[in-house]
J.: 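Below is one structure. I have some questions about it.
Atoms within each ligand, like the ligands themselves, are counted from 1 in listed order. Starting from 1, each residue takes its place in the sequence as its number.
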Amino acid sequence: MARTCVWNAIQVKVYQRVADPLAAPSQLHPPAARAGGESPKKRTPVESSLCGAVRNSVHLVFACWESVRLMSAFVVPGWPLRGGVAGSRRSRALYPHHGSAGLLRRRAFPRCTAGDVRGSYTVGRRLPSETPPPLPVPTDYVLISETAEWRRLVEHASEIDRLHLRELMQDVDRVRSLRAEYDGIYLDYSRQRVTKDTIELLFALARRARLVDKIRAMQSGAHINVTERRAVLHTALRAERNASLVVDGTDVVRDVWRVLDHVREFSERVRSGEHRGATGKPLRSVIAVGIGGSYLGPDFVHEAFRTDPEAFEAARGRHLHFLSNVDPVDIKRCTQDLSAEETLIVIVSKSFTTAETLLNARAMREWLWSEMGRSDEVVRLHMVACSSNVPMVEKFGIDPRNTFEFWDWVGGRYSVCSAVGALPLSIQYGFPTFLRFLEGARSVDANFYDVASPLAGNLPVIMGLLGVWNLSFLGYKSRALHPYAEALLKFPAHIQQVDMESNGKHVTLRGDDVDYAVGEIDFGEPGTNGQHSFFQLLHMGQTVPCDFIGFIESQYPLCIEGEPVSNADELMANFFAQPDALAYGKTAAECRAEGRPEWLIPHLVTTGNRPSLTLLLQRLDPYATGQLLALYEHRTAVQGFIWDINSFDQWGVELGKVLAKRVRKQLNESRYFGRPISEEFNASTRDLMERYLRGQVGCVFNEPFDYQRDTDTGRSPL
Ligand code: F6P
């Protein structure tokens, strides 16, 4: 019995259990794909036809075969996909369940018979919106929590509960085995509540969850974001120029470098003063307008670069600001010390429909006009955009030549390596600085994708598995990130979005409710500030696994004469002390030995046994910033892969947006046209709005917008 499985780029039939394609690739791979880099001359006639018929089809053929193999990781273990690339007699003989390349016309297959072209595959074509959901639920499908590997870890967690980190840390062999190093990143996870057995069991779980296949599927450009039917390819944003990755018929790396070259050219013209404002002045300040992923990533990187000595020099005389909140106070704070004549506005919005960003964009346009006169020229010279919605950008009035594109295979929270970060950061720090950041991220991508090597050396995989362990097995619902580097002050906020928007889910890829905990609450502050804020709870209240990030060299070495250590050593003394304080705690006996009064002892005891991991890097420079970014992006992906959830969509934030639209309309109608608040709102919201509307706006419209009159006339900016 066959089940149909539909994907954006692939339509295949899933057959009853057959040999595992990974174990027996020869059964499923066409000769050319099997040979891997074989020359085009050796392809079958059908594959040659494909090559001739479609741009990049050589890769398309291979990519599709690869995708089919890899997508099986997202269906069910043991339920591989079978099919063919195109329908020739030969391929039929080789692959009895072959299909055809639906987007190719019959004449592209001179050797096909009529019966061959009947389309169990659709390659590189968007499926109509009414296409059924992409994944069927086979009868023998089980949640990851129902597997033996998961159950073994549940049992193991109760064994671990009997062990205290105080004892575990005595075992030097154990301590030395729980570390990994890659390209200057030293990861010590000996303070996690794990033994060597735990790690083996987590690797077994990873095998059961087909983690390696899922990582390969991501790398290949398979549409692993199943609900939006998109590839997840932020790693392509930092691929080397001479790399190639063909997805849905397009070499995405070529597109990436086309835009990067555009960023380089434009940023150099702004920095050199060749591109000037409407009044002839050079543009020394940039305001990047965006929210969520269109803000948090660039802001974190900006802060990380600001005090790097080379980046600092490159940015001399320039200013970069971020406008994200729709609160008008954010506009005031951004613009109050700036001259519009010398300011470039970069609108960053993947969708170019986000209400907050578009209102702020219109506010910025008004600000420019109020200072330089209302002209298209002002917008053309002072406003540029980073977006995947080029038509909307043009409609706004931005010169299409000053639009820096990115693509739907880049999720917003994963977009800092695209034009989203490239443009503002290259204008501020120079393009070469941004390239070093990309190189750092690329280095960790290589570690992540190197799944042929033992996973014990794969830092993102280790960190992801520890995340799964801490939440799903030990029950720690939160996780804290403490960079002992002031320049990483915005890193926790960025990772908060990366992780919580990605893994804040409640169903598996197939839509089943998860019956296990997924998605931690992430928060953090730079050390030592966090120590004087919420660390009390970390030591004595709930247990929150912590990540400590430190650097061997400071961006700003400082020795004050007479002090026992340099200022950076003082910082790092805390970095080394806190993980042990959390792990060991303090016993009543130790308090007594200090001569503490008996009545006080219960208040002084800290239980310890609180897990953490430590990352030590050489120095926070653009390269290391890129490394950290990729490390944490991939950690999140690993967790999602194990939990079998979609870490790349974000449907949860939609509802709030829809409701805000209704409230906005109500505020307009009540405020300016005296209409009563609709009964559709509940009593609480109605009363709150009524109270709010009794107050003063503090500003006036000459002609209030009227939904009834203006929505259809095109006046609506919304
Ligand atoms: O908050 C939801 C979200 O869609 C985020 O995923 C995204 O980073 C942000 O809004 C901004 O979206 P855009 O870049 O399309 O304006």
Side-chain angles (χ1 to χ4, degrees), residues 224-234 237 259 287-302 322-327 330-331 345-365 383-396 398 403-425 490-505 519 521-522 629 632-633 636-637 640 645-661 717-718:
I224 64 170
N225 176 354
V226 295
T227 61
E228 296 178 305
R229 297 173 185 207
R230 289 176 182 168
V232 174
L233 276 177
H234 42 279
L237 298 170
V259 174
I287 301 178
V289 182
I291 198 163
S294 295
Y295 151 65
L296 290 161
D299 193 22
F300 130 63
V301 177
H302 167 53
F322 292 91
L323 172 57
S324 60
N325 199 331
V326 76
D327 185 339
D330 206 6
I331 296 178
I345 311 291
V346 181
I347 311 297
V348 187
S349 177
K350 178 178 169 181
S351 59
F352 221 79
T353 58
T354 302
E356 293 90 335
T357 299
L358 288 193
L359 180 55
N360 277 338
R362 292 189 292 271
M364 286 295 93
R365 189 173 57 187
M383 296 188 92
V384 300
C386 304
S387 182
S388 59
N389 190 347
V390 180
M392 285 293 282
V393 174
E394 199 172 346
K395 206 168 159 201
F396 184 90
I398 289 173
T403 301
F404 299 82
E405 195 193 346
F406 62 110
W407 309 270
D408 66 6
W409 44 262
V410 184
R413 55 193 175 274
Y414 296 96
S415 65
V416 60
C417 293
S418 72
V420 166
L423 188 64
L425 294 163
K490 296 289 180 72
F491 188 50
H494 177 54
I495 296 310
Q496 193 173 54
Q497 190 208 10
V498 165
D499 199 74
M500 292 175 73
E501 198 165 85
S502 296
N503 287 342
K505 305 290 159 64
I521 298 162
D522 287 275
L629 171 81
Y632 277 83
E633 284 179 345
T636 291
I645 58 177
N646 184 358
S647 302
F648 305 105
D649 61 8
Q650 57 287 315
W651 297 101
V653 292
E654 295 307 316
L655 179 61
K657 291 183 191 173
V658 173
L659 295 183
K661 219 170 175 175
L718 305 170

J.: Between the protein and ligand 1, which nitrogen or oxygen pairs come in under 3.5 Å, and how far apart is each?
T.:
unit_1, atom_1, unit_2, atom_2, d
ligand 1, 1 (O), E501, OE2, 3.4
ligand 1, 6 (O), E501, OE1, 2.6
ligand 1, 8 (O), G293, N, 2.6
ligand 1, 8 (O), Q497, NE2, 3.3
ligand 1, 12 (O), T354, OG1, 3.4
ligand 1, 14 (O), S294, OG, 2.6
ligand 1, 14 (O), K350, N, 2.8
ligand 1, 15 (O), K350, N, 3.4
ligand 1, 15 (O), S351, N, 2.8
ligand 1, 15 (O), S351, OG, 2.6
ligand 1, 15 (O), T354, OG1, 3.4
ligand 1, 16 (O), S349, OG, 2.6
ligand 1, 16 (O), T354, OG1, 2.5

J.: Would H302 and F322 count as a close aromatic pair, with their ring centres under 6.0 Å?
T.: yes

J.: On the 0 to 90° scale, with breaks at 30° and 60°, tag the F648-H234 ring pair as parallel, tilted or perpendicular.
T.: tilted

J.: Shortest non-hydrogen contact from D408 to K350?
T.: O-NZ, 3.6 Å

J.: Only pairs at least two apart or in different chains count here, so list each salt bridge (Lys or Arg N to Asp or Glu O under 4.0 Å) that has a residue in residues 290-301.
T.: D299-K490

J.: Please assess N389 against S349 for the test side chain to side chain contact (heavy atoms under 4.5 Å, CB included), listing each intermediate value before the final yes or no.
T.: CA-CA 8 Å; N389 190 347; S349 177; over 6 Å; no

J.: Below 4.5 Å, heavy atoms only, C-beta onward: do V346 and C386 meet side chain to side chain?
T.: yes

